[in-house]
*Asks:* 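A single structure is presented below for examination.
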Protein chains: 2
Amino acid sequence: MGERLDIHNSETPVLCRSCEARHRGMCGALKPDELIEFARHTRKERHEHGDELIGDSTAIHAYANVMRGVIKLSKVLEDGRQQLVGLQFAPDFLGRLFGRESVVTAEAASAVDLCVIPRPALEQMMASTPALEHRLMQQTLRELDEARDWMVTLGRKTAQEKVASFLYLIAMHADPAAEPVDGVSFELPLSRSDIADFLGLTIETVSRQLTKLRQAGVVRITNNRTVEVPELEALQGLCG
Amino acid sequence: MGERLDIHNSETPVLCRSCEARHRGMCGALKPDELIEFARHTRKERHEHGDELIGDSTAIHAYANVMRGVIKLSKVLEDGRQQLVGLQFAPDFLGRLFGRESVVTAEAASAVDLCVIPRPALEQMMASTPALEHRLMQQTLRELDEARDWMVTLGRKTAQEKVASFLYLIAMHADPAAEPVDGVSFELPLSRSDIADFLGLTIETVSRQLTKLRQAGVVRITNNRTVEVPELEALQGLCG
DNA sequence: CGTTTATTTGACGCGGTTCAATCAGTGTGG
DNA sequence: CCACACTGATTGAACCGCGTCAAATAAACG
């Protein structure tokens with residue numbers, strides 16, 4: 001009898017309870033019973049640093065929610081020049097909605113946990129649940145805003161300002177509540193090479209600018225990846 | 001009696017009949033009676049080249065559809081450096097949905113006709129007409145794709161490739177059906193200064209690269225604004 | 001036709017790339 | 001445990017593409 005009750009129970013699925021996307025991500029748009037229906041179609045996937053999650057020009061069979069880790073979206077020119085065009089953190093949505101095939105490559109920048117849902121399942125659900133499409137619309141609009149900010153960085157900032165802007169971006173992501181006067185410390189989710197591809201620079205230039213920032217006392221860097229910013233304000237002032 | 005019938009008539013509103021947005025734009029998502037309701041809230045606006053349509057950091061009271069002309073979206077840094085972050089043509093949608101205030105400046109790059117709808121009217125309509133939100137979602141996703149393509153241009157292409165890419169972009173917009181082997185001719189919607197801000201270059205560099213392209217026989221330019229491309233393939237080959 | 005603004009062209013310098021060498025961290029096998 | 005290789009990051013030196021500054025030319029406008 002306990003079991004029979006469970007079937008019609010509207011409790012949050014176990015796996016969703018501890019999921020960030022449950023509230024801040026797209027699943028926040030779902031009512032309890034919708035969430036249960038949703039969870040019936042999803043599967044969890046764990047990926048290692050460096051795994052290619054979606055290849056450029058590959059068919060789109062599934063979408064996903066980022067539950068943990070960082071994902072980089074990139075594009076390459078025929079001759080190999082590469083540019084990052086997006087960075088995704090939990091609880092972002094991953095995948096080009098309604099696209100025939102992907103126009104970017106998605107790669108795990110760290111260990112990553114995904115909550116994967118097949119394309120037809122999500123699209124059906126979106127069609128019947130306007131709130132879900134609305135939530136994804138909000139995320140898409142936010143991504144567009146970010147892309148445009150980034151375009152200013154790529155087109156108009158100096159190498160110094162680019163690197164400062166990148167550090168500031170990551171710092172704010174590590175601690176969204178941080179005040180300008182605060183100090184923060186965090187791990188860089190990207191290698192020098194990735195940072196260069198993010199900023200439209202070479203690794204050498206990135207490295208040189210980082211040493212300048214270090215010498216200026218704006219940041220402290222240990223083990224290549226750990227960054228400490230004594231006061232965000234100083235960093236912000238260098239962002240152009 | 002004829003008049004009474006008209007009231008409940010489901011004919012397309014007169015002003016919408018010749019509008020591009022009616023089919024390709026957001027209004028294509030509306031059924032005839034919805035279109036009538038929609039049209040009750042809209043007003044047509046005509047703007048001159050150079051008019052500021054939306055200011056950075058201004059409250060968003062209305063959205064609009066571009067019926068004619070070209071609009072440039074831009075951002076500026078405190079010290080005046082400027083970067084275009086979007087170009088909009090008919091029948092694109094104008095305005096940051098659900099945003100509190102604009103994060104870009106929108107300026108008419110040519111004479112422009114807008115179909116303006118107050119913010120509450122559109123948002124109510126979106127809430128009750130999922131197809132409308134879906135259509136706008138599609139446009140937003142397309143804009144995001146374009147922004148990311150552009151990021152590659154800004155971050156990784158040479159001045160030569162940037163200018164070629166820009167000309168190619170405009171050429172394809174002037175004649176979307178054009179084949180690579182075809183030739184096309186069109187008017188540039190932007191000044192050299194705007195093109196520079198679009199590509200993250202200076203006007204001098206833009207000018208020099210245009211002369212190079214002219215000397216190479218890839219384009220012919222008359223009156224500073226009229227461009228003729230004998231074969232698109234040659235131009236495309238220079239886009240990197 | 002004169003004035004103003006937009007574009008082109010030229011000369012020069014600098015910021016960032018390129019090429020190359022060094023250094024640091026990490027794993028591997030003897 | 002150390003020598004070795006390997007990968008990622010830093011540093012240095014030389015080069016060059018693009019920006020800067022300045023002047024000439026062309027187009028737009030009254």
*Asks:* Going by ring-ring contact (aromatic ring centres under 6.0 Å, His included), name the residues that satisfy it together with A:Phe93, two or more places apart in sequence or in a different chain.
*Replies:* A:Tyr63
*Asks:* For A:Arg17, does the CZ atom have more than 12 heavy-atom neighbours from other residues, nucleotides or ligands under 6.0 Å away?
*Replies:* yes
*Asks:* Send over the distance from B:Gln160 CD to D:dG17 P, rounded to a whole Å.
*Replies:* 12 Å
*Asks:* Quick one: pull up NZ in B:Lys157 and CG in B:Leu201 and give me the separation to the nearest 0.5 Å.
*Replies:* 12.5 Å
*Asks:* Pair up each side-chain donor or acceptor in residues 212-238 of chain B with any protein partner under 3.5 Å, not counting sequence neighbours, and list the distances.
*Replies:*
residue: B:Arg225; atom: NH1; partner: B:Leu188; partner atom: O; Å: 3.1
residue: B:Thr226; atom: OG1; partner: B:Glu187; partner atom: OE2; Å: 2.6
residue: B:Gln236; atom: NE2; partner: B:Tyr168; partner atom: OH; Å: 3.4

*Asks:* Going by side-chain hydrogen bond (donor to acceptor under 3.5 Å, both in side chains), name the residues that satisfy it together with B:Gln88, two or more places apart in sequence or in a different chain.
*Replies:* B:Glu143
*Asks:* Taking five pairs at each end of the helix from C:dC1-D:dG30 to C:dG30-D:dC1, what angle separates the two helix axes (nearest 10°)?
*Replies:* 30°
*Asks:* Just the table, please: protein N/O against nucleotides 19-23 of chain D N/O, every pair under 3.5 Å.
*Replies:*
residue: D:dG19; atom: OP2; partner: B:Thr202; partner atom: OG1; Å: 3.2
residue: D:dG19; atom: OP2; partner: B:Thr205; partner atom: OG1; Å: 2.3
residue: D:dT20; atom: O4; partner: B:Arg208; partner atom: NH2; Å: 2.8
residue: D:dC21; atom: N4; partner: B:Glu204; partner atom: OE2; Å: 3.1

*Asks:* Please identify the 5'-most and 3'-most nucleotides of DNA chain C with any atom under 4.0 angstrom from a heavy atom of chain B.
*Replies:* C:dT7 to C:dA11
*Asks:* For B:Glu204, check salt bridge (charged side-chain N to carboxylate O under 4.0 Å, His left out) against everything at least two apart and list the hits.
*Replies:* none
*Asks:* What pairs with A:Asp56 under salt bridge (charged side-chain N to carboxylate O under 4.0 Å, His left out), at least two apart in sequence or on another chain?
*Replies:* none
*Asks:* Which residue pairs pass the salt bridge (Lys or Arg N to Asp or Glu O under 4.0 Å) test when at least one of the two sits in residues 75-94 of chain B, sequence neighbours left out?
*Replies:* A:Asp149-B:Lys75, A:Glu161-B:Arg81, B:Asp79-B:Arg81
*Asks:* Not counting sequence neighbours, which residues clear ring-ring contact (aromatic ring centres under 6.0 Å, His included) with B:Phe198? List them please.
*Replies:* B:Trp150, B:Phe166
*Asks:* Set out, line by line, the N/O atom pairs under 3.5 Å between protein and nucleotides 5-9 of chain D.
*Replies:*
residue: D:dA9; atom: OP1; partner: A:Arg192; partner atom: N; Å: 3.4
residue: D:dA9; atom: O3'; partner: A:Asn224; partner atom: OD1; Å: 3.3

*Asks:* Strictly below 4.0 Å, N to O, side chains only: are A:Arg148 and A:Glu146 in salt-bridge contact?
*Replies:* no
*Asks:* Look at A:Asp197 together with A:Lys72 and state whether they make a salt bridge at an N to O cut-off of under 4.0 Å.
*Replies:* no
*Asks:* List for me each residue that meets ring-ring contact (aromatic ring centres under 6.0 Å, His included) alongside B:His173, sequence neighbours excluded, and say none if there are none.
*Replies:* B:Phe89
